[in-house]
Amino acid sequence: MSVRVRFAPSPTGFLHIGSLRTALYNYLFAKHHGGTCILRIEDTDRTRLVEGAMEEQIKSLEWAGVVFDEGPHVGGSHGPYTQSERFDLYRQYGMQLVKSDAAYYAFDTSEELDAMRQRQQAAGIAPKYDRSAMRNQFTIGEHEAQRLLDENAQHVIRLKVPIHSDVRFHDAVRGDVVFSGREIDDQILLKSDGFPTYHLANVVDDHLMEITHVIRAEEWLPSTPKHVLLYEAFGWTPPTFAHVPLLLNPDRSKMSKRHGDVMVQDFAKKGFFPEALANFVALCGWNPGTDTEFFSMTELIEAFSLERVNKAGAVFDYQKLHWMNGEYLKTRAPEVLAEELLPTLVTRGFEYVQPAFVASVIALVRERVHFLQDVTDFADYLFGDVLSPLSEEAAATITGNEALITAVQTFRSGLNDETIENLDAFKELSKNSAESAGMKVGAFMKPLRLVLTHREVGADLFGTIKLLGVQRCGFRLDAFFSS
RNA sequence: GCACCGUUCGUCUAGGGGUUAGGACACCGCUCUUUCACAGCGGUAACACGGGUUCAAUUCCCGUACGGUGUACCA
């Protein structure tokens with residue numbers, strides 16, 4: 001049987017980084033097995049819908065390299081893939097469960113349920129639907145229930161949990177898991193607005209869509225027994241479950257904003273490479289069992305397996321992600337990066353933005369930054385001729401320094417195509433310039449950088465001067481003399 | 001509270017009855033160097049605790065502690 005997995009987000013906002021990882025694991029697992037990866041939209045909570053959220057999430061997913069074989073945006077043979085479009089289906093299956101005595105009608109109001117929970121809390125017992133004390137078809141009788149139904153009274157359908165038996169299932173990540181029926185709540189399956197809850201819709205759709213493996217976050221583990229019960233009630237074979245560990249904040253709580261960016265689009269905006277993010281996130285909770293840390297999507301697909309997914313949650317290490325992004329930056333072709341950076345440079349109004357030149361600048365400075373966009377600020381003195389003002393301390397070290405003026409003069413007059421292209425000639429010129437003023441070469445290079453770039457740190461000076469060219473260097477040196 | 005899940009350097013992790021407990025990020029030092037970086041080399045740093053089982057336990061079992069998740073007509 002061929003593998004079919006699904007990623008099933010709710011369109012309630014942007015795509016969370018943890019969701020991306022779940023989606024990625026689904027995708028990797030499917031592709032590793034030559035299977036099918038499906039996107040299903042779980043929009044059964046009408047109160048939390050956010051306009052356009054689904055499109056945003058798909059965009060983020062695709063940006064990161066997760067693509068689907070079936071879904072609302074691409075179609076497929078098991079649609080529709082949006083639960084609100086499958087509305088009628090769920091009631092039908094809910095009724096089937098009632099008929100087979102696996103579910104029942106309940107007529108409690110939310111106030112009555114609140115009161116029940118308060119009583120239970122006061123009595124120190126676990127909050128759980130009290131089937132024998134609340135208003136449902138068992139307590140009010142079949143006839144009364146039918147009467148209420150006939151007059152369209154508000155009602156829900158609840159799962160009739162067999163309290164005397166254990167529910168057990170095998171999780172591909174966690175092994176055998178057992179829950180006592182006593183602990184499982186009579187979950188609402190069909191809400192009074194006619195929409196299903198996650199539990200019903202999820203099971204019905206997973207079955208109808210022939211899902212073979214349910215790979216989802218660990219937070220779903222406690223509700224899995226309800227799903228197993230549902231499969232049993234329908235007489236369906238449950239899929240293999242795999243609950244993957246959570247992504248954590250530094251304080252080890254479930255990853256959330258407050259501690260940093262958590263939405264995929266935030267990472268994109270910050271300038272992370274999608275490949276770097278996917279690579280990094282894949283390694284949060286999974287590892288190949290080797291020391292290899294860099295993986296293309298193809299390599300991830302090749303290496304991925306559920307067996308090597310960890311059980312414990314993983315603190316999301318932004319610092320390591322930055323490092324990894326920098327590593328990706330170093331391996332990309334400068335020409336490609338130049339294309340990517342160009343729009344930014346243009347909107348910033350820089351003059352020297354010929355692609356080949358930009359590529360050379362990137363090649364020169366990229367080892368010093370983690371993000372492509374950082375190149376803009378780091379090398380602004382190469383892209384344009386307007387230099388940021390010198391700091392007071394910096395200015396103090398060069399203005400009125402007679403020896404430096406002499407050295408710079410010598411350097412200026414020796415600057416030509418030869419000394420700018422040839423490293424040895426450049427070194428020779430630097431040495432002569434320094435010595436002409438009785439300075440050491442090292443003592444000269446620092447202020448020279450300051451004069452040329454107005455920065456104390458920057459890329460290799462020879463490389464910088466080479467890219468600047470004789471003329472632009474000349475102008476800047478002249479400006480120094482005239483100030 | 002109850003249920004379930006988890007626990008190897010600060011972080012991500014490898015390993016697994018007998019290892020100098022390995023790698024990566026971060027940190028520190030050295031080398032290179034005109035700066036910052038890169039690179040190279042080196043260093044600090046971990047098996048939560050207590051009982052068992054065993055010749056031997058970080059590894060298996062049981063407890064405890066700690067943490068997380070769940071406990072909705074949310075997903």
Side-chain angles (χ1 to χ4, degrees), chain A residues 8-12 19 42-45 47-48 106 108-110 113-114 117 120-121 123-129 154-158 171 173-175 177-180 182-185 187-199 201-202 216-225 243 245-246 248 250-254 280 283-294 308 310-324 326-327 330 365-369 378 427 430 434 440-450 453 455-462:
Chain A
S10 290
T12 55
S19 302
E42 311 223 322
D43 58 346
T44 54
D45 185 352
T47 64
R48 294 204 309 153
D108 316 280
T109 64
S110 52
L113 291 169
D114 285 344
R117 286 189 199 101
Q120 290 168 330
Q121 210 151 14
I125 49 177
K128 187 166 170 286
Y129 185 75
Q154 288 255 309
H155 66 279
V156 299
I157 291 179
R158 282 182 182 270
D171 187 282
V173 174
R174 276 146 223 289
V177 184
V178 187
F179 285 82
S180 162
R182 238 174 325 113
E183 310 293 342
I184 306 169
D185 203 0
Q187 184 67 50
I188 288 179
L189 265 17
L190 211 67
K191 299 183 265 192
S192 56
D193 65 0
F195 273 88
T197 56
Y198 170 87
H199 309 281
N202 189 257
R216 61 186 10 169
E218 189 187 350
E219 57 199 332
W220 290 109
L221 197 53
S223 49
T224 304
H243 289 93
L246 260 20
L248 271 24
D251 67 1
R252 306 204 75 87
S253 57
K254 194 158 81 171
F280 178 77
L283 259 12
C284 288
W286 169 84
N287 75 84
T290 67
D291 286 343
T292 308
E293 290 197 289
F294 291 94
R308 296 204 64 89
N310 286 107
K311 293 176 174 67
V315 172
F316 192 86
D317 188 350
Y318 289 93
Q319 201 167 35
K320 189 162 186 179
L321 173 59
H322 277 79
W323 163 78
M324 184 165 267
E327 294 300 304
K330 281 187 245 171
V365 308
R366 64 169 158 184
E367 281 181 351
R368 290 145 216 273
V369 296
F378 192 87
K427 280 186 173 165
S430 306
K440 290 223 158 111
V441 185
F444 172 58
M445 298 306 271
K446 208 167 176 175
L448 179 61
R449 171 186 298 283
L450 225 33
T453 70
R455 298 282 178 83
E456 292 186 49
V457 300
D460 174 68
L461 234 206
F462 174 62

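Sequence lines set the chain letters: A, B, ... in the order given, protein chains first and strands last, and positions in each chain run from 1.
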Value in whole Å for how far the C1' atom of rA75(B) lies from CH2 of Trp220(A): 4 Å
Same-atom distance (C1') from rG17(B) to rC60(B), integer angstrom: 8 Å
Touch class at under 4.0 angstrom, heavy-atom based, for Arg455(A) against every strand present: nothing
Complement of rC47(B), any strand, by Watson-Crick or G-U distances under 3.5 angstrom: none
Touch class at under 4.0 angstrom, heavy-atom based, for Lys311(A) against every strand present: sugar-phosphate
Nearest non-hydrogen partners of Ala106(A) and Tyr129(A), listed with the distance: CB-OH, 3.7 Å
Arg182(A) atom CZ, neighbour heavy-atom count above 12 within 6.0 Å: no
Touch class at under 4.0 angstrom, heavy-atom based, for Ser192(A) against every strand present: base
Sugar-phosphate, base or nothing in reach of Arg216(A), heavy atoms under 4.0 Å: nothing
Touch class at under 4.0 angstrom, heavy-atom based, for Arg252(A) against every strand present: sugar-phosphate
Pairwise P distance, rC4(B) and rA75(B) [rounded to whole Å]: 25 Å
Length of the line joining Asp251(A):CG and rU7(B):P, which is rounded to integer Å: 19 Å
Sub-4.5 Å side-chain heavy-atom contact between Asn310(A) and Asn287(A): yes
rA26(B) versus rC12(B) - spacing of their P atoms, nearest Å: 15 Å
Nearest-Å distance for atom pair NE2/P, residues His243(A) and rG70(B): 12 Å
Residues in side-chain hydrogen bond (donor to acceptor under 3.5 Å, both in side chains) contact with Thr292(A), at least two apart in sequence or another chain: Thr290(A)
Euclidean distance for P, rU8(B) against rG40(B) (whole angstrom): 29 Å
Same-atom distance (C1') from rU20(B) to rG15(B), integer angstrom: 15 Å
Separation of atom CG in Leu246(A) from atom P in rG68(B), rounded to whole Å: 11 Å
5'-most by nearest nucleotide on RNA chain B - Asp45(A) or Val315(A): Val315(A)
Rounded distance in Å between the P positions of rC61(B) and rC66(B): 22 Å
Salt bridge (Lys or Arg N to Asp or Glu O under 4.0 Å) involving Lys128(A) - partner list, sequence neighbours excluded: none
Touch class at under 4.0 angstrom, heavy-atom based, for Lys254(A) against every strand present: sugar-phosphate
Pairwise 5' ranking along RNA chain B for Val369(A) and Ser10(A), keeping only the more 5' one: Val369(A)
Set of residues satisfying side-chain contact (heavy atoms from CB on, under 4.5 Å) with respect to Pro222(A), sequence neighbours excluded: none
Non-neighbouring partners of Asp45(A) that pass side-chain hydrogen bond (donor to acceptor under 3.5 Å, both in side chains), sequence neighbours left out: Thr47(A), Arg48(A)
C1'-based separation of rU13(B) from rG6(B) [nearest Å]: 16 Å
pair Pro225(A)-Val178(A): side-chain heavy atoms closer than 4.5 Å: no
Sugar-phosphate only, base, or nothing, as touched by Arg174(A) at under 4.0 Å among non-hydrogen atoms: sugar-phosphate
Pairwise P distance, rG50(B) and rC38(B) [rounded to whole Å]: 42 Å
Touch class at under 4.0 angstrom, heavy-atom based, for Asn202(A) against every strand present: nothing
Nucleotide rC4(B), atom C1' - distance to CZ of Arg182(A) in whole Å: 14 Å
Atom-to-atom span, CG of Asn310(A) to P of rC12(B) - whole angstrom: 10 Å
Please tabulate, one pair per line, each protein N/O and nucleotide N/O from nucleotides 62-65 of chain B that are separated by under 3.5 Å, including the distance.
none

Glu367(A) side-chain proximity, nearest of rU34(B), rC73(B), rC38(B): rC38(B)
Residues forming a side-chain contact (heavy atoms from CB on, under 4.5 Å) with Arg455(A), sequence neighbours excluded: Asp380(A), Tyr381(A), Ser388(A), Thr453(A)
Base-pairing mate for rC73(B) - Watson-Crick or G-U, with both contacts under 3.5 Å: none
Nearest-neighbour nucleotide for the His199(A) side chain, rG15(B), rU35(B), rA75(B) considered: rA75(B)
Might you list the N or O atoms of the protein lying below 3.5 Å from N or O atoms in nucleotides 1-3 of chain B, with each pair's distance?
{"from": "rC2(B)", "atom 1": "O2'", "to": "Glu183(A)", "atom 2": "OE1", "distance (Å)": "3.3"}

Footprint string (nucleotides 19-33 of chain B, 5' to 3'): B base within contact, S backbone only, - free, heavy atoms under 4.0 Å: ----SBSS-------
Note, His243(A) side chain near Arg216(A) side chain (heavy atom, < 4.5 Å): yes
Gln120(A): partners by side-chain contact (heavy atoms from CB on, under 4.5 Å), with sequence neighbours left out: Met116(A), Arg117(A), Ile125(A), Pro127(A), Asp130(A)
Salt bridge (Lys or Arg N to Asp or Glu O under 4.0 Å) partners for Asp317(A), two or more places apart: none
Nucleotide opposite rU33(B) in a Watson-Crick or G-U pair, distances under 3.5 Å: none
Residue Leu461(A), side-chain heavy atoms: nucleotide from rC73(B), rU69(B), rU34(B) that is nearest: rU34(B)
Nucleotide paired to rU7(B) in any strand shown, Watson-Crick or G-U, under 3.5 Å: rA65(B)
Contacts of Glu183(A) that satisfy side-chain contact (heavy atoms from CB on, under 4.5 Å) - sequence neighbours left out: Ser180(A)
Minimum-distance nucleotide to Asp460(A) side chain [options: rC74(B), rU35(B), rA14(B)]: rU35(B)
Per Ser253(A) side chain, nearest of listed nucleotides rU69(B), rC73(B), rA14(B): rU69(B)
Sugar-phosphate, base or nothing in reach of Leu221(A), heavy atoms under 4.0 Å: sugar-phosphate
Sugar-phosphate, base or nothing in reach of Val441(A), heavy atoms under 4.0 Å: nothing
Nucleotide opposite rG42(B) in a Watson-Crick or G-U pair, distances under 3.5 Å: rC28(B)
Paired nucleotide for rG18(B) [Watson-Crick or G-U wobble; both distances under 3.5 Å]: rC55(B)
Sugar-phosphate, base or nothing in reach of Ala443(A), heavy atoms under 4.0 Å: nothing
Glu219(A) side-chain proximity, nearest of rG70(B), rC73(B), rU34(B): rG70(B)
Parallel, tilted or perpendicular, as decided by the 30° and 60° cut-offs, for the rings of Phe294(A) and Trp323(A): tilted
Contacts of type salt bridge (Lys or Arg N to Asp or Glu O under 4.0 Å), residue Glu367(A), not counting sequence neighbours: none
